[in-house]
Amino acid sequence: MAQDPKNLEVYHAEQTLGIPALPAIDQSEIEYAPRGVAAEVSDKAAVDVVDVVLNRIDEDDMIAVSASCMKLRSPTGWRIAGILLVMGLNQAGYGIDWAVIGSINSYPTWHAYFNFPNDGPVLGTLNALMSIGGFVGAPFLLFSDVYGRRSVNFIGNFIVVIAAVMQSQAPNIGVFMVGRFLLGFGTSMCTSSQYMAEIAPVHLRGRLVGIFGACFQIGAVLMGGAMVGFSRWTTSDWQWRCPLLLQAVPGILVCASIYFLCPETPRYLVMKGRHEEARRVIAKYMTSNNDINAPIVPLMVRQIEESLQTATSGVKTFRAAWDFRSFLTRRVAYRTMILVLYSLFQSWNGGGIISTYLSPALDTIGITSSLSQTGLNLGLTAIYFVFTAFGSYLIDIMRRRSLLYAGLISCILTQIAVTITSWRYTVTPSTPLAALTVLWVFMYQILSASFIATLHNLYRSKSLQSAAGVVQTYGISVGISKLGYKIWVVYIVYNSIQLVLVKFLFPETSKLSLEDIDYIFETPGEHPVKLSLRLEKARKEREAAARGPD
């Protein structure tokens, strides 16, 4: 059968690079078919879906092609560094707010100005408003498929700047609440994580996304250090106004530089039918010498086109973006369920006590001074940063499900330890018991960062995460005021339930491309968990056979 010239270009690129074709199957049906119809192709050719996945051009092939076409020590490397700087500022800005809101509770000047205590419904509402803003703003991310990633990101950062100024200059609690809501709204529209995944060269994607994620902690650590300094400024309202005003700095820098340093992503350009422009962007940012004839160019365009053709991938029109009927199908419903569950896992695993309500939590074990609380917050943030970097190494050598198991079990064990020592402190208050409780909290941070934090960009959904965050940010504040240390027991039970759900519902996705994951979820008659484990086993057997006898 006649081949489309674009497909022939891809075919020749594959043959040049030595990528094998699937034997006994019409290659046009497998290699050039939309991934959404993968199961139909497999059934029609009487080939098991595992064989199809193992023989198609996979992520390892794409990584090899990408690495051969682009070296980091080249002019392109500097262009990528500029993009990473701009997008990293997005992430750092979010980390700055995390540090500010986690430490500002320790400032008596803040509580005295607005006249509310260190726990309870007022504090819970203030913190929940950012999550509410994020939930309301998340659907507007759909406009990035209409007006572009950069435009929506620019608007989001502009709103963040306005919100930061409103919070820092708030004359009353009402204005401060509006500022918190707008901050969440603007932050939800920052498309930086989506942008990085779409623009990064394939062989550098994991590393660049990891560095991008670490910018959150860099912002948090730097701001945490500043909050320790501000804790000594006890005679002025600028003690709390300055940190809130500093939140505007990353947004200002992003707005000033995004259109100069960051191109539109190839995926968006292909979505809008601007294929030649997409090819030029791929050549400029994914090859060392801006070579539009490099093998990675047609392969990337083909991969994007296939992804857009599947029912579960991007949308091509504004009208389609608001058509939610696909969520009623089995394959999309299962994916949505996984996103919902993981968003709940991330938001309700107990980390919110440390990130947002550390001050009232420390109050329960007798650590009440502003300097001590902000210092501990800085230490917890710094150690989280270090072990998130360690976790980014683990994610390449451990299975996703194993990381989730290890993370949840470690959360449960450390929370049990915190509960026991906190209980003993209420019976016989002592410095050693308080210190031991703090030690368990540090252990929680280390283990959570190592095993779970690096999975957030793989599973999370901004809108679902924000919705879950509304409940947890308000609930923790009220819970601490009513339950004290016993609130940890709630999370012990909840994390135990999560552990069971992971075993039976979460498929294994390590070493799979986005197209391979489509197979896992979309193959009729197959349970995603069982199919993913069968695929993993087949991959290991194939690798063992290729190595030969030891």
So, [X] side chain and [Y] main chain: donor-acceptor pair closer than 3.5 Å or not?
X: S448; Y: Q445; answer: no
X: R280; Y: I292; answer: no
X: S103; Y: V100; answer: no
X: T381; Y: A220; answer: no
X: N289; Y: D291; answer: no
X: H275; Y: V301; answer: no
X: R150; Y: I258; answer: no
X: S68; Y: V65; answer: yes

So, for [X] and [Y], which heavy atoms are closest and what is the spacing to 0.1 Å?
X: A278; Y: V270; value: CB-CG2, 3.7 Å
X: V502; Y: R401; value: O-NH1, 3.3 Å
X: Y147; Y: Y268; value: C-OH, 3.5 Å
X: M189; Y: G137; value: CG-O, 4.0 Å
X: T414; Y: C411; value: OG1-O, 3.1 Å
X: I96; Y: Q247; value: CG2-CG, 3.8 Å

* Can you check side-chain contact (heavy atoms from CB on, under 4.5 Å) on C190 and F154, steps first, answer last? -> CA-CA 8 Å; C190 294; F154 178 91; over 6 Å; no
* Asked: More than 12 heavy atoms of other residues, nucleotides or ligands under 6.0 Å from OH of Y405: is that the case?
  ->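 Check passes, neighbour count above 12.
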* For R399 and L533, what are the C-alpha separation, side-chain angles and deciding distance, and is it a side-chain contact (heavy atoms from CB on, under 4.5 Å)? -> CA-CA 11 Å; R399 299 162 71 242; L533 296 178; 3.3 Å; yes
Is there a side-chain contact between [X] and [Y] (heavy atoms, below 4.5 Å)?
X: M271; Y: D145; result: yes
X: I101; Y: I104; result: yes
X: T76; Y: M286; result: no
X: F451; Y: L408; result: no
X: P201; Y: L208; result: yes
X: N153; Y: M87; result: yes
X: E264; Y: V281; result: no
X: P295; Y: C69; result: yes

* **R302/E305 salt bridge by N-O under 4.0 Å criterion** =>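 No.
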* Asked: Charged N to carboxylate O under 4.0 angstrom, R149 versus E198?
  ->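 A salt bridge is present here (some side-chain N lies under 4.0 Å from a carboxylate O).
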* Should F506 and V529 be marked as a side-chain contact (heavy atoms from CB on, under 4.5 Å) after you check the CA-CA gap, both sets of side-chain angles, and the distance that decides it? -> CA-CA 6 Å; F506 276 56; V529 175; 5.6 Å; no
* For the residue pair F387 and F390, categorise the inter-ring angle as parallel (less than 30°), tilted (30 to 60°) or perpendicular (more than 60°). =>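 Correct class here is perpendicular.
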* Asked: Aromatic rings F216 and Y94: how do their planes relate, parallel, tilted or perpendicular, breaks at 30° and 60°?
  ->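 Answer is perpendicular, since the angle exceeds 60°.
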To the closest 0.5 Å, what do you measure between [atom1] ([X]) and [atom2] ([Y])?
X: I155; Y: F140; atom1: CD1; atom2: CZ; result: 10.5 Å
X: I83; Y: I199; atom1: CD1; atom2: CD1; result: 5.0 Å
X: I218; Y: F212; atom1: CD1; atom2: CZ; result: 11.5 Å
X: N90; Y: M196; atom1: CG; atom2: CE; result: 10.5 Å
X: I159; Y: S188; atom1: CD1; atom2: OG; result: 8.0 Å
X: I304; Y: L299; atom1: CD1; atom2: CG; result: 11.0 Å

* side-chain contact (heavy atoms from CB on, under 4.5 Å) between F442 and L376, intermediate numbers included -> CA-CA 9 Å; F442 270 87; L376 285 172; 4.0 Å; yes
